[in-house]
Amino acid sequence: MAMNKADRTEFFRRLEEDNPEPKGELDYTNPYTLLVAVALSAQATDIGVNKATKALFEVVSTPQDMLDMGESKLKDYIKTIGLFNSKAKNVIKAAHMLVEEHGGIVPNDQDALERLAGVGRKTANVVRSMAWGVPTIAVDTHVFRMGNRTGMATGKTTLEVEKKLLKVIPKQYLFHAHHWLILHGRYICKARKPECSKCKVYDLCKYKAKTV
Ligand code: SF4
């Protein structure tokens, strides 16, 4: 069953009440290091990425710094992160593209971002939202699950869920919505066993298998 407009508004009002200024959990120092951190976080935990990037971002803050460092030194910094070999290759390729095609600046354009090596739709959405303040919805595994379980935005693909969420989330909540959904999905509406008894939006959620 789909969630109605009044319930969607109340859903986000409660999440806002709980956490008025939600933040992502990845550490970064500027739009470029945000892009690198998000790209490194695919199939890895934010905590694991932060551990590796703490030292990396002390010496790298621009795409040119990354090129000066080179792929093999970069691998030393990120070798604790899953898939680090292919991620290092993509980070270096993307740094080349940023220097050659964008003057070393991270673009604020979905297509231009998605053309960078290793950058998919989700990463581009996160960067546009967090670096440039564009109200996008980056659909990761948590947002996808939340959209489907609650009945707010059901869909078989992340793109379908993204498009529906953009349409149905009340405008005043759109900018922070993806963080609220990620955090709620990560800590309460967990994949294996959602903690429905602790959930602030229990009565609004349409999930048939709610746990009590
Ligand atoms: S009630 Fe349960 S399934 Fe619904 S959003 Fe809350 S934790 Fe998730």
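Both backbone and side-chain heavy atoms feed into the values below; hydrogens, waters and symmetry mates do not. Keep in mind it's a predicted model, so treat the numbers as computed, not measured. Read the numbers this way: they start at 1 and go in the same order the structure lists the ligands and their atoms.
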Please verify the inter-ring angle class for Y173 with W180; under 30° counts as parallel, over 60° as perpendicular, anything in between as tilted.
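The rings of Y173 and W180 stand perpendicular, inter-plane angle above 60°.
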Could you pull out, from G185, C189, P194, the option with a heavy atom nearest to atom 8 (Fe) of ligand 1?
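Among G185, C189, P194, the closest heavy atom to atom 8 (Fe) of ligand 1 belongs to C189.
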Pick whichever of Y207, F11, Y202 has a heavy atom sitting closest to atom 3 (S) of ligand 1.
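Looking at heavy atoms only, the winner is Y207.
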Would you say C196 has an N, O or S atom lying under 2.8 Å from atom 2 (Fe) of ligand 1?
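An N, O or S atom of C196 is closer than 2.8 Å to atom 2 (Fe) of ligand 1, so yes.
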Within the structure provided, determine whether L113 and R128 are in side-chain contact (heavy-atom separation under 4.5 Å).
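Yes - at least one pair of side-chain heavy atoms lies under 4.5 Å apart.
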Do any of the N, O or S atoms of C199 sit under 2.8 Å from atom 8 (Fe) of ligand 1?
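No - counting backbone and side chain alike, C199 has no N, O or S atom under 2.8 Å.
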Neighbour count above 12 (heavy atom, 6.0 Å) for K210 NZ:
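It does: K210 NZ has more than 12 such atoms within range.
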Under a 4.0 angstrom heavy-atom cut-off, which atoms of ligand 1 come close to C205?
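Answer for ligand 1: 1 (S), 3 (S), 4 (Fe), 5 (S).
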Salt-bridge contact R14-E17 (side-chain N to carboxylate O under 4.0 Å)
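Judged by the 4.0 Å cut-off on N to carboxylate O distance, R14 and E17 do not form a salt bridge.
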Return yes if some donor-acceptor pair links the side-chain N/O of E160 with the main-chain N/O of K156 below 3.5 Å, else return no.
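Yes, the answer is positive, given that a donor and an acceptor are paired below the 3.5 Å cut-off.
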